[in-house]
Every structure is written in C-alpha cells, then in structure tokens.
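Working notes, structure below.
Both ligands and their constituent atoms are indexed starting at 1 by order of listing. Any value given below was found using the heavy atoms of this structure, including those in side chains, with hydrogens, waters and symmetry copies removed.
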Amino acid sequence: MIKTKNDREKIMITEKIQNALNDQLNKEMFSAYLYLSMAAYFEKNNLSGMANWMRLQSIEEHEHAMKFYDFIIKVGGVVKLAAIEEPQSEWESAQKVFEDALGHEQFISNSINKLTDLAIAESDHATKTFLHWFVEEQVEEEANVQQIVDNFKLLGNDRSGLFLMDRELGARTLSAQSAE
Ligand code: FEO
C-alpha cells in the first residue's frame, strides 16, 4: 500500500520549507532547460564546443534538481512538480549567452541564500545543512561562468579567438559525480 503524507510518523520540515524547496527544485529544472536551450543555440550556430559545455551544464542542473527531490522525500515531505517556464531560445551573440548564464547563476545564488535564511528563521537545521553544499556550489558556478565572460571580453571581435574558445569549452567532460 502506498504511504501517504498523513500516514507518515514524522515529517521533518514545515509546509513553508517544503514549498520553498519545491520552488527551488523547479528553478533548478528551469536552469537545466535554459542551458539546454543555450546548447541548441550554439549547435545551430556551429559552435559545438560551447554546445557541449552547455549540455553538460544542463545535466548538472538536472542533478541539482534531483538533490532537492531526494531531500524532500528523505525528510518526509511531498514533492510537487510545477510547470517549467519556457526558456529564451535566441541571443545576439555567444558572449551574450554566457553573460545571461552568469546573470542566471547570480539569481540562483540569491535564491539559495534566501532559502538558507528561511531555514535559519525556522530553526530547520537539517535543511540548512543540506543547503550548505549548494552555497559552495554556487560560488564555483559563478566563478566558472565569470571566467568565460572575462575571456570573451579579452577577445573582443577576434574570430580566431572565438574558435579557440569553442575548442577549449568543447574539452569539458562530465564531473566525476555526474559520470557515476
Ligand atoms: Fe543549480 Fe547552476 O545552479
């Protein structure tokens, strides 16, 4: 027989935290969708290395979403999957795509920080500890994309530089965790 929320002996999170975690799960799914859309844009424009980078980024975002999914279930909450917003599909340049990716990561960092503030306000130590990994991950994510944006700025309108960058970003492989 399927166990329902009411049957569970112990639900470790409040409704408020549960809703906020589900909301973040949706944002991570949207991130996966957005980066997949960016990958498709690069495919269309014959920048297969950048497409590879974005495709792997999309896989990582799906994994982030699944971490929220697993955590909500582990603490006895209920996963509620909302509709995923349609992502943008056109950009004016490769540089603009990465600038938008940086802006999106800053938005996600802000969202994770607010979620952590909520966990602290609710004295929810389990959620706060769970979120710690994401706080650190966001520092990494922002630094990685910032580096790429900085490289674009150095290149200016140098077409051969764009070719080299595409080759470099094409060398990205799945992280050890994702490859498991
Ligand atoms: Fe899951 Fe890139 O934030």
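Formation of a donor-acceptor pair under 3.5 Å by the Asn45 side chain with backbone atoms of Tyr41 is found in this model.
With a 6.0 Å radius and a threshold of 12 heavy atoms from other residues, nucleotides or ligands, Phe71 has its CZ atom above the threshold.
Ring geometry for Phe134 against Phe68 counts as tilted: the plane angle lies between 30° and 60°, on a 0 to 90° scale.
At atom 1 (Fe) of ligand 1, the angle from OE1 in Glu28 to OE1 in Glu61 is 80° when rounded to 10°. Rounded to 10°, the angle formed at atom 2 (Fe) of ligand 1 by Glu141 OE1 and Glu105 OE2 is 100°.
Of the listed residues (Val97, Leu169, Ile59), just one forms a side-chain contact (heavy atoms from CB on, under 4.5 Å) with Met54, and that residue is Val97.
Of all N, O or S atoms in His64, the one lying closest to atom 1 (Fe) of ligand 1 is ND1.
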